[in-house]
Structures are given as structure tokens and as C-alpha cells.
Amino acid sequence: MLRLWASMLRIMNKKLIALAAVSVCFALPDMLAAGIPGEVPAAPQIINIRARDCRTLDGQWKYIVDPYGNGYYNYRLVPNPVGDTFFADKSFDADRTKLIEYNFDRNYTLNVPGDWNTQDDKLYYYEGKLWYRTKFDYSKPEGKRVFLYFGAVNYEAVVALNGEKICRHTGGFTPFNIEVTDKIKDGENSLVVMVDNTRDKDGIPTDNCDWWNYGGITRSVCIVETPGTFIRDYSVQLDKSYRSIYGYVHLDGCTAPEKVTLSIPELKLSATVTADASGYAEFNLKARPELWSPENPKLYNVTISCGEDSVDDRIGFRIIETKGTDILLNGKKVFCRGVSIHEEAPFSNGRIVSAEQDRILLGWAKEMGCNFVRLAHYPHNEDMVRLAEEMGLMVWSEIPVYWTISWKNPDTYANARQQLVDMITRDINRANVVVWSVANETPLSDERLAFLSALIDTARELDPTRLISAAMEKEKMADGRWTVDDPLISKTDLISFNQYMGWYTGNSDICADAVWVFPEEKPVFISEFGAGALYGFHGDRTERFTEEYMADCYRQNIKMMTERMPGLAGTTPWVLKDFRSPRRALAGIQDDFNRKGLISEQGQKKTAFHIMKEWYRSLMDK
Ligand code: GCB
């Protein structure tokens with residue numbers, strides 16, 4: 001079948017045999033549905049990659065911009081055989097008697113990790129295909145398995161190693177790895193990645209959103225070496241009784257039962273269990289660890305080992321649950337003093353590329369008095385979550401199921417589900433992650449309810465230890481009171497919703513007499529509220545985009561929420577820092593920035609930041 005496919009493509013590629021091309025084209029849709037050779041899904045995710053033998057491939061990669069997909073398709077827009085694509089990494093200069101219309105070595109470079117939009121002015125608005133190429137020397141260690149690991153590529157990636165396609169991955173914010181044990185060579189290797197960030201109405205996110213569609217290999221790439229049988233993923237959690245630690249380990253490459261040991265030296269705990277032949281082991285150990293909390297972000301060194309493989313992690317233990325309208329952390333009521341954050345670099349623009357940048361954003365949240373961050377609107381990089389854990393910040397983590405998703409499309413659902421599974425798999429051991437969110441501001445319909453309910457069921461099945469929610473929307477009732485009228489509430493742990501009283505709904509005075517009622521006795525969580533202002537732009541409190549308007553809107557919202565919102569258990573105002581969005585066209589004020597940041601993109605704190613800080617600090621004293 002593969003040979004047939006290749007020879008058909010070869011025929012199609014010859015411009016002169018136009019007739020053959022036409023007749024073969026009719027057969028093509030079925031063949032495409034059957035999949036293109038090598039464009040296969042990634043291997044199951046290997047977690048905690050930092051704890052492994054990794055060799056970074058970060059650095060400067062060559063690139064070719066390809067708006068028409070010329071490196072991939074022939075002139076009939078049919079995928080070329082791989083040897084005739086840029087995956088082959090040929091070179092015009094290697095043999096100028098041949099017609100080869102590219103040579104990566106003649107092209108410019110982009111930093112990996114990094115989005116392309118902020119590295120070259122020509123790419124600022126670019127959406128489409130762009131090819132990356134790196135070459136590296138390698139010497140394969142005896143008896144090891146070898147994987148390529150990508151922290152994230154936005155949005156679609158087709159990966160080829162040494163001229164052979166090995167993976168197609170969809171979804172811009174989750175990691176993926178590909179086994180290359182039999183494909184990586186001793187000596188020089190060529191790694192080519194075709195990245196496509198074209199927005200897609202059937203995608204996750206869909207084609208319409210309010211953030212910059214940064215394209216590229218936005219997170220680190222590395223080579224990971226493992227033994228033949230290795231620890232692929234694991235979960236280590238505190239039992240609700242507070243008396244035991246339980247979880248599971250998945251081994252990869254197991255053919256017979258294997259012994260797995262889990263140890264936490266500080267707790268003097270060590271136990272060995274046997275994984276079944278499929279590589280799955282469960283454990284349950286008596287323990288009373290010191291608990292993780294924002295005030296005491298205690299983490300333990302945990303080691304899991306199996307045969308030649310061993311992985312170290314830092315893991316915290318806590319219980320998060322709800323009771324009536326309260327959120328309980330370790331059995332005690334907690335008010336989530338949060339803020340929403342986009343994963344965009346402070347002081348510059350573009351995607352975050354270093355842990356230092358994560359630390360600056362989280363440091364600002366701490367300075368404001370936060371014990372919580374909503375990492376919107378997609379899974380942020382792993383360092384962000386780990387740093388937040390060390391710094392004592394609880395996390396709301398979400399997938400980009402945002403606005404008008406194609407609810408009826410099964411492929412769209414499969415994509416959303418995969419992103420959810422990958423988010424949960426990567427961060428399942430982070431004590432600070434307390435909420436998985438499956439959606440943001442999605443319009444009500446039966447199809448949407450079915451789609452989101454299925455995602456919630458998946459999340460609960462994978463992880464029964466955390467709260468599950470979605471950022472929903474408010475509604476005005478016939479009697480003038482405000483509520484959230486969304487059937488999804490019966491499935492979520494929180495009544496969490498975005499409300500822009502004073503910005504999208506009326507002006508700030510609307511808050512003065514707003515009365516709120518909620519349909520169920522669950523914690524109420526304001527996942528967004530806010531207003532926009534350009535830092536340093538002043539005027540009357542009624543004038544939009546002035547710091548005075550924004551400050552007044554914050555003051556009135558805080559008063560309304562604290563006095564007239566029963567069951568309020570947390571807020572994450574929108575948003576920590578001004579961020580790039582192509583929806584924001586007002587020149588001289590917005591200039592492609594959403595200005596609802598409490599802090600400008602240059603790090604200047606707006607008046608509203610100080611108002612939030614004062615409020616959160618007052619709550620800390622209680
Ligand atoms: C929202 C969205 C957020 C937007 C924000 C805004 O409700 O959830 O992604 O950026 O409003 O500024 O309009």
C-alpha cells in the first residue's frame with residue numbers, strides 16, 4: 001500500500017503526465033483519509049522530562065517561510081512524496097545541475113524555543129506554514145531507546161528525521177514525544193519540522209480568539225535517552241483521609257512483570273510493587289506528610305525506580321475539595337486571591353522562553369497578594385507551573401476550548417480531549433494545580449453541553465483529586481437580578497464565570513445596585529472581571545481607557561463582589577499584564593494590545609494594580 005501511494009505521488013508529481021494526475025486525483029480523498037505515510041500521532045507522553053538524560057536541541061534553527069505550502073504540495077496541491085519535499089533537506093548548492101529550489105543553509109535562523117512573530121518583523125502577522133531545520137551530531141548509546149521531545153509547537157507540526165516523516169502533532173500548547181530509536185543515526189542527523197499556525201474553525205482553539213496566534217516551536221526541544229523499559233508517567237497523591245499516599249506508575253517497554261520502587265526519604269518511606277506485564281503498577285503507602293499550601297509550599301523529594309531507570313521529582317501533598325459554597329484546602333476554607341495570566345513575556349512581547357520570565361510574572365502576582373493564578377487560556381509551559389508551586393501559588397489550568405468551537409465535529413472533540421489528557425498527564429503531580437478547566441465563554445447549546453460534559457467526565461476519570469470547572473458567562477434575569485444560567489453547572493465543582501460589569505456591560509455604576517443569585521450551592525468564582533487602560537493615560541473616571549476609569553471599575557466591582565455576591569470563593573481579574581491581540585485596533589491606545597493588564601507590557605503598574613493589592617492584602621489579614 002505504501003509503495004503504491006509513493007508511486008502514485010511520483011506520477012502525480014510529473015507535470016507532463018497531466019492525464020495520469022487527473023485520474024489519480026479521484027482516488028485521493030480515500031487515501032488521504034487512510035493517512036499519509038509517516039504522519040502518525042506522537043507516542044504516549046513521557047512526563048518529568050527534566051529528570052531524564054536529555055540533550056537539548058535548542059538554539060538557532062534554519063527556516064524557510066512557505067505561505068503556499070510549496071515545500072509540501074505539488075502544483076496540484078497534492079502532497080509530494082517525501083523526497084520531493086523540504087523534509088528531504090536537499091540543497092541546491094550540493095548539485096547545481098539538479099532543480100532543487102531550496103537550501104536551508106542559505107536561509108536565516110530563528111531561535112528555538114521562540115515564536116516566529118517577534119523574531120523577524122516580516123513575520124509579525126504571519127500565519128501559515130514555516131519550515132524549521134536543525135542538524136546535530138549524535139552517537140547512540142548502546143541499548144538505549146531514544147525519543148525526540150517537543151515542549152510545544154503551535155499549532156500543527158509535521159516532523160521528519162533524516163528525510164523520513166515520523167509524526168504529525170496537533171495542538172499548540174502541549175508536549176509530545178516521538179520514538180526515534182531506529183531512525184536516529186550515529187554522526188550527522190537532519191531534523192525538519194513543518195509548522196503551520198493557520199487558524200482553523202474546527203481547531204482547538206477555533207479561528208477566533210483574543211490573543212496573538214504566535215507560531216513556531218515555542219518551547220524547548222530535546223533528545224531523551226531511556227533504558228529499554230522505563231517509567232513513562234506516574235501519579236503520586238495524598239489520600240483524602242490524610243493518612244496515605246497512593247498512585248500509579250506506567251512503564252513503557254515492559255514485556256513481563258517488573259518491580260517498581262517508590263521512595264520518599266524525608267518520610268522514611270520506601271515500597272516496592274510489581275507492575276503487570278502491561279507495565280501498570282499501583283501503590284498505597286501509610287504516610288502523614290506535611291501539607292502543601294500557599295503559606296507553606298512544602299515539596300518532598302520523591303524517587304521512582306525500576307530496573308535501570310530512575311526518576312526524581314519534587315512532589316507536594318494537599319487535599320482540595322468543596323463544601324457548600326466554600327473551597328477547602330487541606331480542610332480549611334480558602335479564598336482564592338488570584339489573577340489571570342497569558343503566557344507572554346514581560347518587558348518584551350512574544351511567548352515566554354525562559355523560567356526567568358515566568359518568575360517575573362509570578363513575582364508580580366505574589367506582590368499583588370495572590371495565592372492563586374489562572375493560567376489562561378491554554379496549558380502554560382511546565383516551568384511556570386513548577387515555579388508557581390514553589391512560590392505557593394495555586395493554579396487553574398485550562399485547555400483552549402474557547403468561544404465558538406465546532407461542537408458537532410468528532411475530530412474537534414478528539415483534539416480537545418487529547419489536549420486535556422496531555423495537560424493532565426503532564427501536571428498530575430503538581431500539588432498547586434487545583435482546578436482543571438475545560439472551556440472559556442462558550443455559547444450554550446445541546447451539542448456544547450454534550451462535548452463539555454464528556455470532557456469533564458474524562459478529566460474526572462483521569463484525575464479524581466482536583467476540582468473541575470469552566471469559565472462560564474453571566475445572565476440578566478427577567479427581574480433584573482444577575483445569575484449564571486448554564487446547565488454545565490451541574491457538572492462542575494465551581495460556579496465560575498467571567499463578568500465584565502462596567503466594561504462590556506454598562507459603565508462602572510452598574511455595579512452599584514447589581515444583585516446576584518446562583519442556582520446551586522457551590523463556590524462562586526469570578527474567573528474574569530476588569531477594564532482596559534493605557535498606562536499613564538489620565539482623565540475622568542467616565543472616560544474609557546484612562547487609568548481613572550479602570551480604577552473606578554475595579555473599586556466598584558470589588559464592592560459589589562464582596563457585598564452582594566453570595567458564596568464568592570475567589571477571583572482572577574483579567575489580566576496581569578497587557579498582551580498582544582490582533583482584535584485591538586485603536587491606534588495610540590491599543591496598538592495591538594489588549595489593555596486590560598493591571599501592569600503594562602513594559603512592567604508599569606497601573607492604579608488598578610494597587611487597588612487589587614490593597615484588597616487582597618486586606619483579605620490576607622483575615
Ligand atoms: C474575555 C475572554 C478573554 C478576553 C477578555 C477581553 O471574556 O475570556 O480571553 O481577552 O474577555 O479582554 O475581552
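Side-chain atoms are counted along with the backbone in the values below, which use heavy atoms only and exclude waters and symmetry mates. Bear in mind that the values here come from a model prediction, so they are computed numbers and not experimental data.
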Show every salt bridge (Lys or Arg N to Asp or Glu O under 4.0 Å) that has at least one partner inside [range], sequence neighbours left out.
range: residues 372-384; result: R50-E382, R50-D383, R374-E398, R374-E528, E382-R386
range: residues 410-429; result: none
range: residues 200-218; result: D210-R584

Does the side-chain contact (heavy atoms from CB on, under 4.5 Å) test come out yes or no for L57 and V112, once each step is laid out?
CA-CA 8 Å; L57 293 178; V112 170; over 6 Å; no
Qualifying residues under ring-ring contact (aromatic ring centres under 6.0 Å, His included), relative to F173, sequence neighbours excluded
Y378
Using distance alone, with no hydrogens and no angle criterion, decide if [X] and [Y] have a side-chain donor and acceptor under 3.5 Å apart.
X: Q602; Y: S600; result: no
X: Y234; Y: N48; result: yes
X: N103; Y: D93; result: yes

Honestly, is K605 close enough over F609, meaning NZ or CZ under 6.0 Å from the six-membered ring centre and within 45° of the axis?
yes
Begin with the C-alpha distance, continue with both residues' side-chain angles, and end with the deciding distance and a verdict on side-chain contact (heavy atoms from CB on, under 4.5 Å) for R580 and W211.
CA-CA 6 Å; R580 284 253 183 241; W211 67 85; over 6 Å; no
Pair I231, L251 - check side-chain contact (heavy atoms from CB on, under 4.5 Å), show working.
CA-CA 5 Å; I231 298 149; L251 303 178; 3.8 Å; yes
Please check this pair: side chain of [X] against backbone of [Y], looking for a donor-acceptor N/O pair closer than 3.5 Å.
X: Q357; Y: V353; answer: yes
X: D196; Y: L130; answer: no
X: K606; Y: G597; answer: yes

Ion pair present between [X] and [Y], side-chain N to carboxylate O less than 4.0 angstrom?
X: D58; Y: R219; result: no
X: D578; Y: K596; result: no
X: D105; Y: R133; result: yes
X: R595; Y: E601; result: yes
X: E39; Y: K165; result: yes

Those residues that, when tested against [X], pass side chain to side chain contact (heavy atoms under 4.5 Å, CB included) (two or more places apart):
X: A459; answer: L420, I424, I468
X: N189; answer: F136, Y138, L161, N162, I184, K185
X: D186; answer: S139, K140

For [X], give me all partners under side-chain hydrogen bond (donor to acceptor under 3.5 Å, both in side chains), at least two apart in sequence or on another chain.
X: E344; value: Y214, K577
X: S437; value: none
X: D309; value: R52

Under the rule for salt bridge (Lys or Arg N to Asp or Glu O under 4.0 Å), what residues qualify as partners of E356, not counting sequence neighbours?
none
Can you list the residues that meet the salt bridge (Lys or Arg N to Asp or Glu O under 4.0 Å) rule with E164, with sequence neighbours excluded?
K183
